[in-house]
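Because the structure is a prediction, the values reported are computed rather than measured.
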Amino acid sequence: MIDISRDMIAYALIGLTVVIAIPVITTVVQRRKRDKLRRRGIKRYGH
């Protein structure tokens with residue numbers, strides 16, 4: 001029983017980090033893309 005609960009905790013932690021990391025990465029990538037386009041001279045991106 002102890003081994004099963006340890007595995008479940010490990011998988012839960014991995015799942016939580018993935019669920020938290022994916023939106024953070026996407027927002028950072030979108031922000032960088034927007035900044036790059038703004039520097040190039042395209043002011044209104046995504047509106």
Sub-4.5 Å side-chain heavy-atom contact between Leu37 and Arg40: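 Side-chain contact under 4.5 Å: yes.
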Pairwise distance OG1(Thr17) to CD1(Ile22) - rounded to 0.5 angstrom: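 Going from the OG1 atom of Thr17 to the CD1 atom of Ile22 covers 9.5 Å.
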Note: Asp35-Arg32 ion pair, threshold 4.0 Å (strictly below):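 Salt bridge between Asp35 and Arg32, a charged N being under 4.0 Å from a carboxylate O: no.
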